[in-house]
Amino acid sequence: MTIKIGIPRGLWVYDYYPLWKTFYEALGAEVILSNPTNKSILDQGVKNTVDEACLPVKIFNGHVLDLKDKVDYIFVPKIMSVYRKEYICPKFCGLPEMVKHSIPDLPPMIDTEINFNRSRKHLMRTVYEFGSYVTTNKKQIKKAYEEALQEYEKFKKQLKQGALPLDGIVKPYVITDSQEQKEIKKSGNAKRIAIMGHSYNLYDTYGSMNLVKKLQDQNIEIITAEMIDYKVINQYAETLEKKMFWSFGRKLLGTAMYLAVEKNVDGIIYLSSFGCGIDSIIEDLFERKIRKEGGIPFLLITVDEHTGEAGVNTRLEAFMDMIDWRKRDEGNLSAHG
Ligand code: SF4
């Protein structure tokens, strides 16, 4: 009988889904992704998570519940670190425990630890452990991992070329521009807006209140951190006064510094979720870099489970109007005030 592995559509899924899907399918398992976030998933998540948790963790728990009775295993790895000498948010590190203690009667969990601060040998042991839920054949696990890495590299390349990992993270994982959008981009008349924030905030259609689609419908060219070379982001992040050891923070701040220097966007929208400890520091540093060093219009949107979409729409409209005025009238203003 085929083993069914459930992957909750939350948190790291927008960054790593192609990798894990390919890995488990290559081993012969069936991978089941929870449904796109909707009101019922959000409500269930809120009901089954401690109040203090951030919105993405609540949504994640809603997705675990969506899979609960459909799969043999639920995939909730314990992610400690994905880059050497860096760490991920503490909520990722304790995620399996948080889920187990919030939701009773779950199927067994694949909760292997991922920690890139350990040796390469340890990394391969980790891969074997992930594979052992399906097979004990190490050769087969190694081959599946290599295949998964190739698929992951292809996915990253697509993101860099401008694709977005929206809710449709079933093959081909990403959406690309329509013909009309391509033409507007080519004409150079489109507004270019950078959207920043954690991938699970930006690309969860329901949780983000469809931010990406709202911008795309206005034929706005979207820039994301994934489209910028990670080496370049890292170079900028290296110039920070103090080493940023949170991977999320490092990526966002490095991007802020890059945008402040390049000034190649008309505005920046930072989407954050209420209750995020990391964002409470990063968004402030980000805004300072952008406003003081770049002079680029900046909009911070913080959402939680009670945020109304109408309010977000009004703020977006006002922001876009301001950018239009600025583009149109800036040259007419006297430099002397
Ligand atoms: S980084 Fe922030 S939003 Fe993401 S899981 Fe941690 S606390 Fe939540």
Side-chain angles (χ1 to χ4, degrees), residues 7-17 20 34 37 41-42 44-65 74-83 86-103 109 111 113-116 165 167 169 195-209 211-212 224-226 233 237 240 243-256 269-287 300-307 312:
I7 297 193
R9 197 188 290 248
L11 296 179
W12 43 264
V13 81
Y14 299 94
D15 298 293
Y16 297 108
Y17 178 66
W20 292 111
S34 56
T37 310
I41 287 179
L42 172 66
Q44 283 302 316
V46 170
K47 222 162 98 188
N48 288 279
T49 316
V50 288
D51 286 346
E52 295 73 27
C54 59
L55 182 64
V57 166
K58 291 176 183 169
I59 290 179
F60 188 86
N61 277 357
H63 283 284
V64 170
L65 280 157
I74 296 197
F75 186 74
V76 188
K78 187 181 182 67
I79 307 182
M80 305 296 286
S81 158
V82 289
Y83 293 106
E86 288 181 24
Y87 289 91
I88 213 108
C89 163
K91 283 176 186 146
F92 274 67
C93 310
L95 194 62
E97 286 76 19
M98 278 177 80
V99 172
K100 272 180 219 161
H101 289 104
S102 306
I103 307 170
M109 208 177 263
D111 57 358
E113 180 182 304
I114 299 175
N115 192 344
F116 276 70
D167 273 349
I169 41 170
I195 52 167
M196 295 291 130
H198 304 289
S199 58
Y200 39 89
N201 284 336
L202 296 179
Y203 305 127
D204 181 329
T205 308
Y206 189 83
S208 72
M209 298 180 193
L211 174 68
V212 171
T224 65
E226 287 75 29
I233 293 181
L240 282 166
K243 182 176 162 65
M244 173 57 67
F245 55 85
W246 288 324
S247 297
F248 290 139
R250 189 173 170 83
K251 182 173 168 186
L252 289 167
L253 283 181
T255 308
I269 299 173
Y270 192 116
L271 185 66
S272 168
S273 40
F274 186 75
C276 173
I278 290 185
D279 270 1
S280 64
I281 297 169
I282 300 301
E283 66 197 23
D284 183 56
L285 292 172
F286 190 105
E287 188 172 352
L300 171 67
I301 301 177
T302 306
V303 290
D304 68 9
E305 57 270 35
H306 307 295
T307 305
V312 171

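Only a predicted model underlies this, so the values are computations on that prediction, with no experimental measurement involved. For ligands, and for the atoms within them, numbers begin at 1 and follow the listed sequence.
Proximity to Ser273 (heavy-atom distance under 4.0 Å) selects the following atoms of ligand 1: 3 (S). The distance from ligand 1 to the heavy atoms of Lys91 drops below 4.0 Å at these ligand atoms: 7 (S).
The part of Pro56 lying near ligand 1 is the side chain, judged by heavy-atom distances below 4.0 Å.
Residue contacts with ligand 1: Trp246 is excluded, as none of its non-hydrogen atoms falls under 4.0 Å.
The nearest protein atom to atom 2 (Fe) of ligand 1, hydrogens excluded, is given as Cys276 SG, 2.2 Å; this is a heavy-atom distance.
Counting backbone and side-chain atoms alike, Cys89 contributes an N/O/S atom closer than 2.8 Å to atom 6 (Fe) of ligand 1. Atom 8 (Fe) of ligand 1 lies under 2.8 Å from an N, O or S atom belonging to Cys54.
Within a 6.0 Å radius of NZ in Lys100, more than 12 heavy atoms belonging to other residues, nucleotides or ligands are found.
Across every non-hydrogen atom of Asn201 and Leu271, the tightest pair is O-CD2, 3.3 Å.
When Tyr200, Phe60, Trp12, Phe92 are ranked by how near their heavy atoms come to atom 1 (S) of ligand 1, first place goes to Tyr200.
Between the side chain of Ser272 and the backbone N or O of Thr302, no donor-acceptor pair lies under 3.5 Å.
Taking the six-membered ring where the residue is Trp, Phe248 and Tyr200 present perpendicular rings, their angle passing 60° and hence far from 30°. The aromatic rings of Phe245 and Tyr87 lie perpendicular to each other, with more than 60° between the two planes, well past the 30° mark.
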For this session: Evaluate the side chain to side chain contact (heavy atoms under 4.5 Å, CB included) criterion for residues Ile41 and Tyr206: first the C-alpha distance (whole Å), next the side-chain angles of each, then the deciding distance (0.1 Å), finally the verdict.
Result: CA-CA 10 Å; Ile41 287 179; Tyr206 189 83; over 6 Å; no
